[in-house]
Amino acid sequence: MAPANVRAAQAQAPSADRRLSTLVGHLLPSSPRRAAADTSATSTLESFPTMASQGSSVFAALEQAPEDPILGVTVAYNKDPSPVKVNLGVGAYRTEEGKPLVLNVVRRAEQMLINNPSRVKEYLPITGLAEFNKLSAKLIFGADSPAIQENRVATVQCLSGTGSLRVGGEFLARHYHERTIYIPQPTWGNHPKVFTLSGLNVRSYRYYDPATCSLHFEGLLEDLGSAPSGSIVLLHACAHNPTGVDPTIEQWEQIRQLMRSKSLLPFFDSAYQGFASGSLDKDAQSVRMFVADGGELLMAQSYAKNMGLYGERVGALSIVRYLHSCSC
């Protein structure tokens, strides 16, 4: 038998049902009061518009969004029973048998993490994993980058390239004096959506000439030359999506000079570093040219493509600050 003091406490304490009933009464003040003897919590519940008893959802009028045009190809591919089918949707590493391929270097890195007993599951700082940010900046700007050496680079970990672009877009919408961003025509289908939802006004500049299947360089220079001073300009660092056409180094230099002369703010998107030339350094030349002149820029990085980390959502956003002795 329980001690007398325990029995007294139990006698004074309300039952679990009664406590729950009282809580429901506070949460639903408009529901009718029940008799004091009724200790059933559910008996005090009334039907509300968000409760299943109404028979229809408050979201019933919503229409299902259409299939993503790129991911929809993969859906169709998976449904197709043909033994000789080829998936021309999302660009992803595949084996000769058409199966997903994980790079050996990724496998080794995963194993190193598994075997590391010092790893913990604590929350990361608000800017993400510090070492990841540091190495991401070095990868795109170069280990000997003057901007890194001068502590002019701020990097935050983001959800792949999409998240990096969105964070950068919202940052500019809140803290930059111009809210118009010029994107190449054509460009990745999500660019206009991401920047519009970020609060920026999206305009386009000529980039690809379908008549010659090459860069529309004259049109590019003309359109950027006509852009209001201070406008934001989205630039593909390399392996332009979807055309694969990139400016030459000499053309990049002309673009840099024009943009700096008009105080246009470069916002680079790098999703394919290493794909265009096979060299991580060569594919970062365009970005490093803009960093070397001491001017400012934003840099969105994704590791979905070049590292094959599609589902890991690994990316980073860097902002390079102005060098007071800028010679641009």
Side-chain angles (χ1 to χ4, degrees), residues 68-70 90-91 140 158-210 213-247 251-252 254-273 275-276 283-284 286-287 289-290 295-302 304-305 315-320:
D68 181 277
I70 299 177
V90 175
I140 191 66
C158 296
L159 296 176
S160 199
T162 306
S164 304
L165 293 165
R166 179 63 181 265
V167 172
E170 290 197 14
F171 176 85
L172 293 172
R174 293 187 184 188
H175 303 293
Y176 188 58
H177 65 277
E178 273 290 336
R179 294 202 174 180
T180 298
I181 183 168
Y182 284 79
I183 63 177
Q185 178 61 39
T187 191
W188 180 45
N190 278 343
H191 278 147
K193 302 173 187 177
V194 169
F195 290 126
T196 298
L197 291 172
S198 298
L200 298 175
N201 302 313
V202 178
R203 300 288 183 269
S204 64
Y205 63 90
R206 283 170 285 178
Y207 187 87
Y208 180 72
D209 185 355
C213 297
S214 62
L215 182 68
H216 198 324
F217 191 55
E218 290 183 4
L220 183 154
L221 294 180
E222 183 178 338
D223 290 347
L224 293 187
S226 301
S229 177
S231 297
I232 310 158
V233 178
L234 179 75
L235 301 166
H236 294 230
C238 67
H240 176 270
N241 180 6
T243 70
V245 174
D246 294 329
Q251 289 172 331
W252 271 120
Q254 292 184 60
I255 295 171
R256 184 196 69 80
Q257 291 182 16
L258 171 62
M259 290 185 60
R260 292 311 194 194
S261 70
K262 291 182 59 66
S263 298
L264 302 177
L265 180 63
F267 193 155
F268 279 96
D269 183 5
S270 176
Y272 299 98
Q273 186 181 358
F275 270 23
D283 285 357
S286 60
V287 179
M289 290 170 63
F290 279 78
E296 295 181 301
L297 62 84
L298 279 76
M299 177 76 250
Q301 289 173 271
S302 167
K305 301 294 186 179
L317 171 71
S318 294
I319 298 180
V320 178

Between Lys305 and Ala271 the two heavy atoms that sit nearest each other are CB-O, 3.3 Å

Heavy atoms of Gly230 and Leu264 approach each other most closely as N-CD2, 4.0 Å

* Taking the six-membered ring for Trp, are His191 and Trp188 parallel (under 30°), tilted (30 to 60°) or perpendicular (over 60°)? -> perpendicular

Which of Leu265, Thr196, Ile232, Val233 passes side-chain contact (heavy atoms from CB on, under 4.5 Å) with Ile181? It is Ile232

### Within-4.5 Å side-chain heavy-atom neighbours: Ile319 and Phe171
yes

Under a 3.5 Å distance rule, please check whether Thr180 uses its side chain to pair with a backbone N or O of Ser231 as donor and acceptor. no

(message) Is there a side-chain contact between Pro184 and Tyr205 in this structure, where contact means two heavy atoms from C-beta onward sitting under 4.5 Å apart?
(response) yes

What one should report as the nearest heavy-atom pair of Ile140 and Gln273 is CD1-OE1, 3.5 Å

Whether Asp283 side chain and Phe275 backbone form a donor-acceptor pair below 3.5 Å: yes

Separation between NE2 (His216) and OG1 (Thr243), nearest 0.5 Å, reads 13.0 Å

OG of Ser164 to CG of Leu298, rounded to nearest 0.5 Å, is 10.5 Å

Interatomic distance, CZ@Arg206 vs CG@Leu220, rounded to 0.5 Å, equals 9.0 Å

Closest non-hydrogen atoms of Tyr207 and Val245, given as atom of the first, atom of the second and distance, are OH-O, 2.5 Å

Item to complete: Taking the side chain as every heavy atom from C-beta outward, state whether Glu296 and Ser263 have any pair of such atoms under 4.5 Å apart.
Response: no

So do Asn241 and His236 actually touch side chain to side chain, heavy atoms under 4.5 Å? yes

Between Phe195 and Phe267, does a ring-ring contact (aromatic ring centres under 6.0 Å, His included) hold up when you go through it step by step? CA-CA 12 Å; Phe195 290 126; Phe267 193 155; 5.7 Å; yes

dist Leu165:CG -> Leu234:CG (nearest 0.5 Å) comes out at 7.0 Å

For Ser198 and Glu170 the tightest heavy-atom approach is CB-N, 3.6 Å

When rounded to the nearest 0.5 Å, the distance separating CG of Asp269 from CE of Met299 is 6.5 Å

| message | With a 3.5 Å distance limit and no angle check, can you tell me whether Lys262 reaches the backbone of Leu224 through a side-chain donor-acceptor pair? | response | no

Exam field: side chain Ser160 to backbone Thr162, donor-acceptor pair closer than 3.5 Å:
no

Main-chain N/O of Ala173 paired with Arg179 side-chain donor or acceptor, under 3.5 Å
yes

Subject >> Non-hydrogen side-chain atoms of Arg166 and Leu197 separated by less than 4.5 Å >> reply: yes

Stepwise, does the side chain to side chain contact (heavy atoms under 4.5 Å, CB included) test hold for Met259 with Leu235? CA-CA 11 Å; Met259 290 185 60; Leu235 301 166; 3.8 Å; yes

message: Just so I know, are the side chains of Ser214 and Tyr208 near enough to count as touching, which here means a heavy-atom distance under 4.5 Å?
response: no

Taking the inter-plane angle between the rings of Phe268 and Trp252 on a 0 to 90° scale, is it parallel (under 30°), tilted (30 to 60°) or perpendicular (over 60°)? tilted

Check: Do the side chain of His240 and the main chain of Pro186 share a donor and acceptor less than 3.5 angstrom apart?
Finding: yes

Practice prompt. In sequence, state the C-alpha distance, the side-chain angles, and the governing distance for Asp209 and Phe217, and then conclude on side chain to side chain contact (heavy atoms under 4.5 Å, CB included).
Written response: CA-CA 9 Å; Asp209 185 355; Phe217 191 55; over 6 Å; no

What one should report as the nearest heavy-atom pair of Val167 and Cys158 is CG2-SG, 4.1 Å

Between the CD atom in Glu222 and the CG atom in Leu258, the distance rounded to the nearest 0.5 Å is 11.5 Å

